Amino acid sequence: MVQTRTIEVAVGLFVAAGLGALFVLAMKVSNLTAFTDDTGYQLVAKFENVGSLKVGAPVSIAGVRVGRVGNIGIDHTTHEAVVKLNINKEYTDIPADTAASVLTAGLLGEQYVALEPGGDIKALRAGDEIKLTQPALVLEKIIGQFLFSKAQEGPSKK
Amino acid sequence: MPDTPIAENNPLVQIRGLRFARGERMIFDGVDIDIPRGKITAIMGPSGTGKTTLLRLIGGQLRPLAGSIVVDGQPVPQLKRAALYQLRKRMGMLFQSGALLTDLDVFDNVAFPLREHTKLPETLIRDLVLMKLQAVGLRGARHLMASELSGGMARRVALARAIALDPMMIMYDEPFTGQDPISLGTIVQLIHALNEALGLTSIIVSHDVHETAAIADYIYVLSGGKVIGHGTPEELARSDSPWVRQFMQGLADGPVPFHYPAADYAEELLNNKPGAAP
Amino acid sequence: MINRLQTLGRWGLIRFERLGRGSMFLMQVLAGLPALLLRPRLTLQQVYATGVLSLVIIIVSGLFVGMVLGLQGYNTLVDFGAEESLGVLVALSLVRELGPVIAALLFAGRAGSALTAEIGLMKATEQLSAMEMMAVDPLARVVAPRLLGGFIAMPLLAAMFSAVGVFGGYFVGVGLLGVDDGSFWSQMQAKVNLQEDIMNGVIKSVVFGFVVTWIAVFEGYDAVPTSEGISRATTRTVVNSSLAVLGLDFVMTALMFGGF
């Protein structure tokens, strides 16, 4: 019977270790807060261009993640991109004159929405729209502008 | 083929017109056998005559091509799975190797059928197992693992396991093969004693003439898929069939030739010259 | 030419026949599962035999695979100045692919071959036959708990493999090569998705565990009951289950991440 006991204890430890590993993967490796986003509130921002922004991309203030991109659509009259931002419920005091811009994390990184708070005392509430937006920088356009300006000043240098 | 070899009214096992083939090879071609209740019946024959196959047919592990096998009034090949399993609980079988479960010790091996089929409390199972082990003289070996037993001991443990559920019959598959004289004597005596004490019906499959003749009440001799002789050991010893005499007396040459079929000896020797066709 | 075609055709037919027999065998085994719930101890022993005994090889391999990923990933990422993404690379490689796949291959080699050999030996020594004659169904008593045990053990082993691997990558990347501790974890957490990445990895490992154990018990039960037959069956278990794992991995990856 001692042997049976050892086996039972070993299997118990094994199952605990396996579930523990799953727990570590869930908590430490991935971001479980993906689930808690639902309990926050939603803001809307219209961008001229969102570049390669994806649903689920981070929304951050001063580099701290405060929410995720919930939905990306298009406004049928202005043909601007309509981005719904799911903000976590603890960040309720985002000023009304906050600006939103689509930035890139690092040179090759993913695009995210950065919020730059203004000085307004009033806070944004659920469903409010962020008026001040800056579109994503599209690399081809920047290179195109750069080449264009070079071409213009080119002859004068020679 | 005689229809009723012995005049028992109600044999425990009744086989009629049994035909069975393995691939192209016909193993049984019209075999009739009666196993009387409470007796030791031996099925004998040279190796490869399908004696073990016969036991598997009786146990319902194989199905015949044709013919009937009736065990205690139930037609084995036609039984549904549940009924077959019920019937098997009343049959014990002793395999040639013992076939003990290697991951269990002696005690658990004997307890195995009890635990699988009964809801008896553990104390009662312990008493029953010790009784069965006492009967085969291995009560002291109950903590050994199956792999630590000698061949003869393994067979005795398997016997204890076979009688664990108090069956109505036991089938012994080659119980005498590969035993030293002492364990051989033990097994012979055990089979005899169990048959007497428990009122069992025993079927022994064997090709060991002397041991079998010593304890069997009745013997069937099989060869070439047919019963070629049957009777009490004394009757068979006096048989005038050359085949039965060759088998019972262990003669090298007879109806079963010593030589494998070949071309003429002298001719083959003469032809074996360099350059001749091989 | 005709002979070649005939050989090919016969080969195909034999494969099909084996697949059919394997499926029928599986159905019969699955029929024995409900009764097994009444006797959890039988399954427990098999979780021990397949899971606990495979633990060492899984943990050690996971550690090394994670460390190699850390090293190779760093050397590639540092050229782009993106070595902070090392955590993402290590974690995604492990939870999506390497964890389930390598754990399944090791599981086939360690536990699968042992299962085949054990059941094959039980068949060769007439233990399965003896059980049948004792009115005990070997499929329900011997095969079903082994199938269930492997099915339970494998996803847990794969999860441990991935978790240990991530720490192996952390050890090399952060401990030895000087990647920033915080960004290693935060980048990983930002990019690894619980549902898409980790759950899909777990689903893969569940499927692999089932398939490898199924092949192992079938090959054992179907083995020619001689020592040569058992050794062939053991080889077949490792070869067939490895191929099945890699093939299924492609199919599942295409379905989960391929965007078809």
Side-chain angles (χ1 to χ4, degrees), chain A residues 1-38 52-60 62-70 86 88 103-114, chain C residues 40-41 43-55 58-59 62 77 80-82 84-85 87-88 90-92 94-95 99 149 152-167 169-170 183 185-199 201-202 205:
Chain A
M1 283 301 120
V2 178
Q3 206 203 354
T4 323
R5 205 182 147 79
T6 329
I7 287 178
E8 280 169 6
V9 171
V11 171
L13 285 175
F14 171 75
V15 173
L19 295 179
L22 274 176
F23 187 71
V24 165
L25 290 179
M27 298 304 290
K28 185 104 184 165
V29 175
S30 80
N31 209 336
L32 248 192
T33 47
F35 282 119
T36 60
D37 280 357
D38 306 336
S52 59
L53 187 71
K54 296 212 170 55
V55 171
V59 177
S60 62
V64 179
R65 207 178 69 75
V66 297
R68 281 182 186 277
V69 171
N86 294 328
N88 290 3
L103 299 181
T104 307
L107 188 60
L108 301 165
E110 191 189 14
Q111 291 196 298
Y112 67 100
V113 176
Chain C
R41 192 174 295 252
T43 311
L44 198 85
Q45 277 174 348
Q46 296 311 317
V47 174
Y48 180 81
T50 50
V52 178
L53 297 182
S54 311
L55 203 54
I58 290 285
I59 299 263
L77 289 172
F80 301 97
E84 272 73 32
S85 301
V88 183
V90 171
L92 280 187
L94 280 169
V95 297
I152 294 173
M154 173 56 209
L156 297 174
L157 288 172
M160 286 186 232
F161 185 96
S162 297
V164 168
V166 168
F167 283 100
Y170 173 80
S183 47
W185 292 115
S186 65
Q187 289 251 354
M188 187 192 297
Q189 287 170 2
K191 287 281 180 64
V192 179
N193 188 300
L194 181 73
Q195 275 161 306
E196 280 189 4
D197 299 318
I198 295 187
M199 284 315 287
V202 171
S205 62

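Keep in mind that what you see is a predicted model, and the values were worked out from it rather than measured. Chain naming here is simple, since letters A, B, ... match the order of the sequence lines and numbering starts at 1 in each.
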How close do Leu25(A) and Ser162(C) get, counting heavy atoms only, and between which atoms? CD1-CB, 4.0 Å

With only heavy atoms counted, which part of Val95(C) is less than 4.5 Å from chain A, the side chain, the backbone, both or neither? side chain

Met27(A) to Gln189(C) - nearest heavy-atom pair and separation: O-NE2, 4.1 Å

Can you tell me which of Pro155(C), Gly201(C), Ala153(C) forms the most heavy-atom pairs within a distance under 4.5 Å of chain A? Ala153(C)

Can you say whether Ala158(C) sits under 4.5 Å from chain A via the side chain, the backbone, both, or neither, judging by heavy atoms? neither

Side chain, backbone, both or neither: which part of Val24(A) has an atom under 4.5 Å from a heavy atom of chain C? side chain

Structural part of Val164(C) lying under 4.5 Å from a heavy atom of chain A: neither

Side chain, backbone, both or neither: which part of Leu55(C) has a non-hydrogen atom closer than 4.5 Å to chain A? side chain

Going by heavy atoms in the side chains, are Tyr48(C) and Thr6(A) under 4.5 Å from each other? no

Between the CG atom in Leu44(C) and the CZ atom in Phe14(A), the distance rounded to the nearest 0.5 Å is 11.0 Å

Tightest non-hydrogen contact, residues Leu19(A) and Leu156(C), listed as N-CD2, 3.9 Å

Identify the two heavy atoms, one from Ala21(A) and one from Ala163(C), that lie closest to each other, and give their separation to 0.1 Å. CB-CB, 3.8 Å

Structural part of Phe167(C) lying under 4.5 Å from a heavy atom of chain A: side chain

